[in-house]
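Small disclaimer: the values here were computed from a predicted structure and weren't measured.
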Amino acid sequence: MLTKVQDLKRKNYQDTLKIQESLREQVLSNPSHEYLILVEHEHVYTLGKNANSSNILNKACDIIQTDRGGDVTYHGPCLLYTSDAADEE
């Protein structure tokens, strides 16, 4: 099986999430497809289901509620994120 790398460079979190969700649907409909997403975001905090907003250090950043578990996660420039397109739950 060949893994396709999607290098999104720097992209905002919401746009990246839409791309990830689309790729995930492709993987679910055809399991022989695999994608690895590489991305760097603008400054943003994501809040998981168990987030405590007092853990946000910089309230001037965008703050996005997600349906994932966990607390608060910072995403920003110079931090490279990788994600398997099927690993979204």
Side-chain angles (χ1 to χ4, degrees):
M1 187 177 319
L2 181 64
T3 300
K4 297 177 185 176
V5 176
Q6 299 288 315
D7 186 354
L8 303 180
K9 308 288 185 221
R10 186 180 287 189
K11 188 170 274 312
N12 75 47
Y13 184 87
Q14 297 285 41
D15 289 344
T16 302
L17 185 58
K18 289 176 188 172
I19 292 167
Q20 183 179 8
E21 290 168 348
S22 173
L23 292 173
R24 182 174 186 270
E25 289 303 315
Q26 291 179 41
V27 170
L28 291 175
S29 66
N30 188 344
S32 68
H33 291 170
E34 286 189 348
Y35 296 93
L36 177 65
I37 301 166
L38 306 175
V39 65
E40 179 183 5
H41 296 298
E42 298 299 330
H43 300 281
V44 63
Y45 284 96
T46 56
L47 307 178
K49 293 176 184 176
N50 301 313
N52 180 344
S53 61
S54 68
N55 291 333
I56 298 173
L57 302 177
N58 179 355
K59 306 246 192 249
C61 294
D62 287 341
I63 300 170
I64 299 171
Q65 182 69 48
T66 69
D67 60 357
R68 296 184 182 198
D71 193 11
V72 174
T73 303
Y74 170 77
H75 309 264
C78 299
L79 298 174
L80 179 64
Y81 294 89
T82 62
S83 176
D84 178 333
D87 184 28
E88 195 174 289
E89 294 183 15

**Student:** Quick one: closest heavy-atom pair of Thr66 and Gly48, and the distance?
**Tutor:**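 Here Thr66 and Gly48 meet closest at OG1-CA, 3.7 Å.
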**Student:** Only counting residues at least two apart or in another chain, list the ones meeting side-chain hydrogen bond (donor to acceptor under 3.5 Å, both in side chains) with Lys9.
**Tutor:**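 Asp7.
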**Student:** Look up atom OG1 in Thr73 and atom CZ in Arg68, then write down how far apart they are to the nearest 0.5 Å.
**Tutor:**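 Answer for the OG1-CZ pair, Thr73 versus Arg68, is 9.0 Å.
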**Student:** Does the side chain of Asn52 pick up a donor-acceptor pair with the side chain of Asn55 at under 3.5 Å?
**Tutor:**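 Judged by distance alone, the side chains do not pair up.
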**Student:** When rounded to the nearest 0.5 angstrom, what distance separates CG in Leu57 from OH in Tyr45?
**Tutor:**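 So the gap between those two atoms works out to 4.0 Å.
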**Student:** Between Thr3 (side chain) and Tyr35 (backbone), is there a donor-acceptor pair under 3.5 Å?
**Tutor:**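 Such a contact is absent between Thr3 side chain and Tyr35 backbone.
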**Student:** Given 3.5 Å as the limit, does a donor-acceptor pair link the side chain of Gln65 with the main chain of Leu47, or not?
**Tutor:**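 It does hold such a pair.
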**Student:** Could you check Ile64 against Val44 for side chain to side chain contact (heavy atoms under 4.5 Å, CB included), going step by step and ending with a plain yes or no?
**Tutor:** CA-CA 7 Å; Ile64 299 171; Val44 63; 3.7 Å; yes
**Student:** Mind checking whether His75 and His41 have parallel, tilted or perpendicular rings, split at 30° and 60°?
**Tutor:**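 Perpendicular: the ring planes of His75 and His41 meet at over 60°.
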**Student:** Roughly how far, to the nearest 0.5 Å, is OG1 of Thr16 from CG of Leu8?
**Tutor:**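 The OG1 atom of Thr16 is 5.5 Å from CG of Leu8, to the nearest 0.5 Å.
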**Student:** Nearest 0.5 Å, please: how far is CG in Leu79 from CD in Glu40?
**Tutor:**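 Between atom CD of Glu40 and atom CG of Leu79 there are 7.5 Å.
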**Student:** Got a second to check how far Gln6's CD is from Leu36's CG, nearest 0.5 Å?
**Tutor:**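 So the CD of Gln6 and the CG of Leu36 are separated by 9.5 Å.
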**Student:** Using the side-chain contact (heavy atoms from CB on, under 4.5 Å) rule, pick out the option among Glu21, Gln26, Glu25, Gln20 that qualifies with Leu23.
**Tutor:**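 Result: among Glu21, Gln26, Glu25, Gln20, Gln26 is the only option passing the side-chain contact (heavy atoms from CB on, under 4.5 Å) with Leu23.
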**Student:** For a quick test of reading the model, state the closest non-hydrogen atom pair linking Cys78 to Arg10 and the distance between them.
**Tutor:**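 Heavy atoms of Cys78 and Arg10 come nearest at N-NH2, 4.5 Å.
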**Student:** Measure the CD-OG1 distance between Gln14 and Thr46 for me, rounded to the nearest 0.5 Å.
**Tutor:**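 Taking CD in Gln14 and OG1 in Thr46, the distance rounds to 10.5 Å.
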